[in-house]
Every structure is written in structure tokens, then in C-alpha cells.
A.B. asks: 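Below you will find the structure I want to go over with you.
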Amino acid sequence: MKKFLANYKNQLFISLMLIFIASILLQWVQISNKNLYLGYDWIFHYNRFYDAAQQIKDGNLQYFISMYGFSQSGRIINALYGPMFAYLNGLFLLISRSWFSYQLFSNFLITFLSASSMFWLLIKNKIRIPISLIFSIMYSSFYMIQSWTFNQSFGNWGAFILPLVVLAATRFLHKEYLKKDLAFLAFAMTLAIQAHVLTALFSVIILAPFFIIGFIYSKNKKQLFFYTLIAALITVFMTANVWYPLLEVNMENQLMRPAVVWNMENHAVRLDLFKPYKDFSLVVCLLFIGQFLAAIYSKMNILNRLTTITSFGLFALSSKVFPWNDITDKFPSISIIQFPGRLLLPAVVLIILALSLSMETILDNKGTRIDKRIIIYPILFLMLLGSVKGHMDYSNKELQNWKGTELFSSTKNVIFKTKDLESLRNSFKAKDLGAPFRLIKKRNSDYLPVADKSLAYDKDFHPYGKQKRAIIENPINEKLTKKVKNHQLVISWRSNGEETLLPLIIYNRTNVVVNGEQLDNAQIKTNEIGGLIVQPQKGENTVKISYKASFVFYYMLFISILSWFLFALWQIIRVLK
């Protein structure tokens, strides 16, 4: 057994098994109580995944408009928000067969992947396995990672991507920048862009200082610059399916932005030990304090210094120390970040690496007779217990919401079609994946095509109310029959001939066929948020909508798929050489 445990590869295998077990145990409250956690973003993202799942199931693929989710309104959501990742989650949902099973699986997945990627980051930077293992499990239990579990906050999927980005960043400081480093950088950035645009932005912020310092100290500046440029080009090709639709749809339509946060400082990290910001727990606070002390009392190499400085810089940006409101008043486009507290996640990834490097320096210092492991390991273990306890406490708190009278804590803008709590709970465990969305709906205006660009930035314009009246509580809904056939959303109803606002959202490239007649753009009439207005005939009426993507989009989609194939082939050949 001693010989088995002494083997480094066996230690890695055992560590991954422990991470696997810990990832299951962190979901134990939900497993044992068979409850769901429903946060402020579940309706939005679960609609996205439901739409993707039904497209796959029925074979009615439609990359742009939603034909099943979002009240079958034809809204463009997935094409602008991690399309491939939405289809992947749609596939997971079909395999899971119920929302309860899907949530358990996705919660486990983000926990396991975040812990594994952090573990990989640490061991690749020569941190010993016990420290890497403890920090990895600790990291995966933090609220900022588990916010997907509790709130379905999609940006937290970046929790497993950012450690990979940091690992790619550290390679800029190597004596020689190799082709394998180029490939890994392209892979990490492609993953970030495919999953979440904001995660990609954070990734660029992380990479920039490492590249600058690496370039300054590099003995082969030309090769470093050239390889990084190649990685950027590979990323552009592999993500053509993401950035091109984003450009095309925004250029051809005036879209409502995701919810604009006018008071950003209100969503920054609060330095309050009595009532701390959720992400900024006592354990997270101790990470920064520990590294601050290490920076004062121990020697640090260039990697540790740069990681520490970048981490504290991001931490400052995530907090109320930074004058976010003053800056956004002058540069409104910065408000795309919405919540400055999000910057704490990349800061924590970096501070864990920095503190781990400091611990390695302290442990390698043979200047004292005391075995420093006796001090460091118990402290790390206590911090791990503290972070796990915090997670379990929050799990139990969310459990009480599920058992309570509203199922979830954030019910703002939510519309319940029934007050029967048992029916609502059972809808999430049923095999009918669309059941929850018939009982629970939410007003939101993301990516609605407004009539005038100025409306997207008008504080007095209330798109939530207009979306509610046009889509959710439109009186015509009671008369409509909806079905999806041949990649088209088909709506039928009986009319007395009066002009009618239909619960359909129309974009520049949406094809509209009314009673067999295809309308051109000049004939299409919409309200302020793109709701379709038609003049029906007396009696039976049918409207069909689909989306006519440009030939350039199909060209870009082909480039993206081909680039992934060639990239995979290149890596296989490189490994086999």
C-alpha cells in the first residue's frame, strides 16, 4: 500500500476520486430531501435549455428563434447567449428526463469540474497534492461557484473555465513558449467564449498582465508574440458561431440590453464582517489576509508577485472601493458587467494560486526545525470545514424556501398560473419538461427588438410590462393553438376580423407567413417591443414564423465546426508524435 500511495500518478487518481466523492456530498441536502433550488435566474436559463432540448428531441432545429421556450414567442435568446452550451445542456436535460434529475446532475457537474480545473491549475504550478486537493474542494464549495446551484446564475459556469485561463496565463512566464501552450490558450479562450461572453471578458483581463510581463522577460519575444497571435486567430475561427450571430443580430435590430443596473456600487462586494456579501465569506476573506501577510513576510517569485497583484486589483474592482457609479456615468457601456461583485470570482482563482505558491515557499524553507506542515495543514483543513459548513448552511436555507409558500426566494416579476404548491413542486419532477413553464412565467426583456434605439436606454420605458401584456397575459392566448412543424412555429386561431397583437416577437430576418401569404419587411407591423400585429380574416387564421439566417452565418458555422475538427486532429497528431 505504501508503494502504491508513493506513486505520483496514483496520488493524482486518488485525489480525483476524492474530488468526485466530495462533489456528490456537497449536494447531499438536495439528494436526501429531493428538493430543487430555484433562484432568480432559473426561469430564464431553464427556458433556454428546454427550448434546445425540444429542438433536439423533435428534430426541429432552429439556431436563432425559440420555438418551445419563452412561451413559444420566437424570441432570439440562445443564439446570443452561449448557443452550443445551451444545446449541450439541452442534451443533458433530455438524458435526465426531469428538472429534478437535471438539476442534481448539473450541480454535481459544475462542482466537480470547478474543483478538478483548480486542482489541475495548482499541480501544474508544482503545488504539492495535499494542498492542491484541499484548496480545490474548498474552492468548489464557495457560494460564488455554487451560485449556479442556488440561483442558476449562469456566469458561475466560468468557475471551471477561469482556472484553465489562469493556467494558460502562467505559461506566458515560462522560459520558452511552446506550441502546446499556444493550443491550450486557444482551447481555454474558446471554451470561455462558447460558454459565456462575460467570462471571456474576465479571461482577457487576467491574460493581459501575464502576457505583458511575460513579453518583457521573454528571451524570444518574436515567438511569444507570434504564437499568441496564432492562438487568437484559432480562437476567432473556433468561435465564429458565437461572435458572428451576435454581430449580425445587433447590427440588424435595436435590441434591449440585459437588465441595466443603474446603481452598480450597490452590487459590489461589501466589506462587512457582521453581514458580509454572500460571495465574500469569512474563508474567502482569510485567503486574501493570508496572502497579504505572506507577501510581507516571505520571498515571492515573479509568478507569485504578479498573481497576487492581479488578484488584489480584481478584488478592489469588485468592491465598493472602486467608484463604479461615477465611472459608468461617464462610460455607460461599462455597465455591461452589471454586478461588480462578479469580479471576485477571477480574484479568488488567482488568490488561491498565489497563496498556494506562498505555502510552497514556506514549506521549502528549511531555516527552522519546526515542521511547518503541522501548522499549515490543520489551518487549511479548518478553512475547508468552514467553507463546507457555509455551503451546507445555505443549502438548508434554500431547502426551507422550497418547503415554504413561494418555492423560491426571488419572485419579483414572476407570474404564477396556480397557487397549488404541490402541483408546482410536482411539475419539476414530471417527465413533461414543459410543465413548469405553463405554471410559472417571468417578465424579462432581454434581446427584445425595440422600435427605437433610444428606448433601450430610456429609464422611463418599461419593457417588462409591455412584454407581459404582449406575451404572457395577452388575451388572445386563450384562443391560440401552437405547434412546431418543419422548422416553423405555427399559430392558429379563430378571429372576428379585428386587428390582433399576437404573442410573437419579430426580428429583421424573421419570416412571417399569414394565411399562406409571405409578408415582406414593409408589410410586417409590430409594437414597441417587436410584438407581431396582424389584420386577420374572419374565421380560421394561421401564422407561421421561421428565421432566415444569412448565408454568411452558415459559412461561419461551417468554419467553426471545421476549426474544431482540425484543432482536435492537430492535438491527436501532436500527442502521438
Side-chain angles (χ1 to χ4, degrees), residues 48-69 76-95 109 113 154 157-158 160-161 164-165 168 179-180 182-200 203-204 227-252 447 484 486-488 507 509 511 546-576:
R48 296 203 305 124
F49 302 156
Y50 170 67
D51 187 74
Q54 291 301 111
Q55 286 189 33
I56 296 169
K57 180 182 176 182
D58 294 349
N60 275 304
L61 298 178
Q62 176 52 261
Y63 194 89
F64 284 86
I65 62 174
S66 54
M67 298 189 294
Y68 299 92
I76 296 179
I77 302 289
N78 281 339
L80 307 177
Y81 205 124
M84 292 298 108
F85 207 75
Y87 279 112
L88 181 62
N89 274 274
L91 185 61
F92 291 155
L93 178 56
L94 286 179
I95 295 169
L109 194 63
L113 290 177
F154 194 73
W157 279 97
F160 86 88
I161 299 171
L164 304 181
V165 172
K179 287 182 180 178
K180 66 178 183 180
L182 175 166
F184 187 75
L185 173 61
F187 173 75
M189 281 305 299
T190 297
L191 201 59
I193 294 170
Q194 289 285 356
H196 191 235
V197 174
L198 201 57
T199 297
S203 299
V204 172
Y227 277 8
T228 305
L229 181 61
I230 292 175
L233 289 173
I234 292 172
T235 301
V236 168
F237 287 128
M238 291 173 70
T239 58
N241 68 299
V242 177
W243 58 261
Y244 180 75
L246 199 61
L247 284 175
E248 182 178 272
V249 175
N250 274 281
M251 287 175 67
E252 295 182 347
Y447 314 125
V484 180
N486 297 327
H487 310 284
Q488 293 179 313
Y507 296 82
R509 290 185 176 272
N511 268 339
S546 58
Y547 193 86
K548 187 180 180 181
S550 68
F551 79 93
V552 181
F553 162 72
Y554 290 108
Y555 180 70
M556 291 296 179
L557 182 60
F558 173 76
I559 287 176
S560 180
I561 295 170
L562 180 63
S563 299
W564 271 98
F565 174 77
L566 293 176
F567 181 81
L569 186 63
W570 174 36
Q571 295 313 298
I572 292 169
I573 293 171
R574 188 180 61 80
V575 170
L576 292 178

A.B. asks: Working to the nearest 0.5 Å, report the span between CZ of Phe553 and CG of Leu247.
C.D. replies: 13.0 Å

A.B. asks: Measuring from Arg574:CZ to Ile572:CD1, what's the distance to the nearest 0.5 Å?
C.D. replies: 11.0 Å

A.B. asks: Does the gap between the ring centers of Tyr507 and Phe64 come in under 6.0 Å?
C.D. replies: no

A.B. asks: Where does the angle between the aromatic ring planes of Phe567 and Phe187 fall among parallel (under 30°), tilted (30 to 60°) and perpendicular (over 60°)?
C.D. replies: parallel

A.B. asks: Atom CE in Met556, atom CZ in Phe237: separation rounded to 0.5 Å?
C.D. replies: 9.0 Å

A.B. asks: Tell me whether Arg48 forms a cation-pi arrangement with Phe154, defined as NZ or CZ under 6.0 Å from the six-membered ring centre and within 45 degrees of its axis.
C.D. replies: yes

A.B. asks: Taking all non-hydrogen atoms of both residues into account, name the closest pair between Ala231 and Ala186 and its distance.
C.D. replies: O-CB, 3.8 Å

A.B. asks: Asn511 side chain to Tyr547 main-chain N or O, any donor-acceptor pair under 3.5 Å?
C.D. replies: no

A.B. asks: For a quick test of reading the model, state the closest non-hydrogen atom pair linking Ile76 to Ile65 and the distance between them.
C.D. replies: CG1-CG2, 4.0 Å

A.B. asks: Restricting to non-hydrogen atoms, name the atom on Pro245 and the atom on Ala240 that form the minimum distance, rounded to 0.1 Å.
C.D. replies: CD-O, 3.7 Å

A.B. asks: For the residue pair Ile56 and Tyr87, establish whether any side-chain heavy-atom pair is separated by less than 4.5 Å.
C.D. replies: yes

A.B. asks: Quick one: CE on Met238 to CG on Leu562, what's the gap to the nearest 0.5 Å?
C.D. replies: 11.0 Å

A.B. asks: Taking only residues two or more places apart in sequence or in another chain, which ones pass side chain to side chain contact (heavy atoms under 4.5 Å, CB included) with Ala168?
C.D. replies: Phe184, Leu185

A.B. asks: Starting at OH of Tyr244, measure out to OH of Tyr554 and round the result to the nearest 0.5 Å.
C.D. replies: 12.0 Å

A.B. asks: Tell me, please, which residues at least two apart from Ile230 pass side chain to side chain contact (heavy atoms under 4.5 Å, CB included).
C.D. replies: Leu182, Phe226, Tyr227, Ile234

A.B. asks: Can you give me the closest heavy-atom contact between Leu94 and Ala53, atom names plus distance?
C.D. replies: CD1-O, 3.4 Å

A.B. asks: Would you confirm whether Gln55, through its side chain, and Gln62, through its main-chain N or O, come within 3.5 Å as a donor-acceptor pair?
C.D. replies: yes

A.B. asks: Could you measure the distance from the OG atom of Ser560 to the CH2 atom of Trp243? Nearest 0.5 Å is fine.
C.D. replies: 10.0 Å

A.B. asks: Looking at Leu557, is its backbone amide N or carbonyl O close enough to the side chain of Asn241 to form a donor-acceptor pair, meaning the two atoms are under 3.5 Å apart?
C.D. replies: no

A.B. asks: Within the structure provided, determine whether Phe85 and His196 are in side-chain contact (heavy-atom separation under 4.5 Å).
C.D. replies: no

A.B. asks: So do the side chains of Met189 and Val204 get within less than 4.5 Å of each other, counting heavy atoms only?
C.D. replies: yes

A.B. asks: Between Met67 and Asp51, which heavy-atom pair has the shortest distance, and what is it?
C.D. replies: N-OD1, 2.9 Å

A.B. asks: I need the minimum non-hydrogen distance between Trp157 and Phe160, along with the two atoms involved.
C.D. replies: O-CD2, 3.0 Å

A.B. asks: Contact between Tyr68 and Asp58 at the side-chain level, heavy atoms closer than 4.5 Å - yes or no?
C.D. replies: yes

A.B. asks: Given side chain to side chain contact (heavy atoms under 4.5 Å, CB included), test Met84 with Trp564 step by step and report yes or no.
C.D. replies: CA-CA 13 Å; Met84 292 298 108; Trp564 271 98; over 6 Å; no

